[in-house]
Number of protein chains: 2
Amino acid sequence: LTGLPQHFQRLVDELARLPSIGGKSALRLAYHIISANPEQGQALAAAVEQAIANISFCSRCFFFAEAEQCVVCNNPSRDQRTLCVVEKPMDVLAVERMGEYRGLYHVLHGVWAPLRGISPDKLKLKELTQRIEQDQVLEVILATSSTVEGDATASYIARMLAQHGVSVSRLAQGMPKGGELEYADDLTLSRALSGRNRLSI
Amino acid sequence: LTGLPQHFQRLVDELARLPSIGGKSALRLAYHIISANPEQGQALAAAVEQAIANISFCSRCFFFAEAEQCVVCNNPSRDQRTLCVVEKPMDVLAVERMGEYRGLYHVLHGVWAPLRGISPDKLKLKELTQRIEQDQVLEVILATSSTVEGDATASYIARMLAQHGVSVSRLAQGMPKGGELEYADDLTLSRALSGRNRLSI
């Protein structure tokens, strides 16, 4: 016995190509797919195929779209002159969940991460400047993650947009709501201190 | 915006039905599948479909098989009167990797786990006793895991086979090779002590 049946090995290999799925997880998932009722596996295969066939990214903001443009860009009641710049489509959902933002989005599809070989030209930055010019955008809110890479990306974009006559802001960094001082990490505390707000009395 | 495009949500749901994939992982995997080149997603869907269509379990030992019987059962040079009883098909691979075992297998497809609602009748036990009778098996090696559930399953099978006139053994439990005493957990050490072997001098 040299190993697994060929079709099983192939399934394991394909699963292991997915991010954060290692060899052992891929084996366990493949075993589950084979052992569960065949309808479940067929539904998974069909869902993958249909998602690939039907979902693409909005030609304007690069959020998920089932048409040329996404539901946000297609909504005329949204403020067309304000853009919220995020890293991933899922970040759009987080901002929408809050229910307070009325502008449009721009999904970068990544962060500037030189250590992982991701340079700024891999992000949707050329498209961002084009949009800002064409749509006469007034305000850009940089909502990349509060990580080293997210901060670097935000600074890069702020510099890039300096001569475009647009107001550029960054999400506030500080103590999370409900966070106890005792358990705050050093960097969060340092940001909260340097960004302290004067209270009017 | 109420949420994700329908086809994306369906893919997330199907991925989240897989074991050990939570909601957030499913989102991340679905995003990867949509963002990667379409060939990769199509290859995954095809691999799932072909595995379901082509792989089943050996009618004799319940290991993976692409025909009626698996490659182990089909090998006439294997000792037909010795069975190694394991929990999962992957366990067969572990024993085969060692390269010392020449008998056949019997895959239970589970362990007796009353706390998780898995009763002995969900395991391939009826098939085990039938095989032992029909094939005049002489020895059964219980190679279930060294966990509480694996031990309970082994005891259950040993009792079940008591009147079948077959030699029943269990994998030795003790210190793993290379394991330092200082780092051994209590249960392993207790098993190693109670199962100590007299050295001949």
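Chain letters run A, B, ... following the sequence lines, proteins first and then strands; every chain starts at 1.
- At a 4.5 Å heavy-atom cutoff, the contact between B:Ala46 and chain A is made by backbone and side-chain atoms alike.
- Proximity to chain A among residues 170-195 of chain B is not found for any residue, judged by heavy-atom separations below 4.5 angstrom.
- No other option in A:Ser20, A:Ser35, A:Ala51 has as many heavy-atom pairs under 4.5 Å with chain B as A:Ala51.
- Atoms CD1 and CD1, on A:Ile21 and B:Ile21 in that order, are 4.0 Å from each other to the nearest 0.5 Å.
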**Study point:** Candidate pair B:Glu49 and A:Glu49, rule side-chain contact (heavy atoms from CB on, under 4.5 Å), full reasoning
**Key:** CA-CA 11 Å; B:Glu49 274 173 351; A:Glu49 275 173 350; 4.2 Å; yes

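- Across A:Glu66 and B:His7, no two heavy atoms sit closer than the pair OE2-ND1, 2.7 Å.
- Most heavy-atom pairs under 4.5 Å with chain A, from the set B:Asp13, B:Val12, B:Leu18: that is B:Leu18.
- In this structure, B:Asn54 and A:Phe8 have side chains that are not in contact, with every pair of non-hydrogen atoms separated by 4.5 Å or more.
- Of all the listed residues (A:Pro89, A:Ala47, A:Ala65, A:Gly99), the one sharing the greatest number of non-hydrogen pairs under 4.5 Å with chain B is A:Ala47.
- Your options are A:Lys88, A:His109, A:Gln42, and the one with the most heavy-atom pairs under 4.5 Å with chain B is A:His109.
- Contact of the A:Leu15 side chain with the B:Leu44 side chain is registered, since non-hydrogen atoms from C-beta on lie closer than 4.5 Å.
- Of the atoms belonging to B:Gln50, heavy atoms from both backbone and side chain fall under 4.5 Å from chain A.
- Shortest non-hydrogen contact noted between B:Gly41 and A:Val48 is O-CG1, 3.4 Å.
- Inspection of non-hydrogen atoms places B:Leu27, B:Arg28, B:Leu29, B:Tyr31, B:His32, B:Ile33 of residues 23-33 of chain B under 4.5 Å from chain A.
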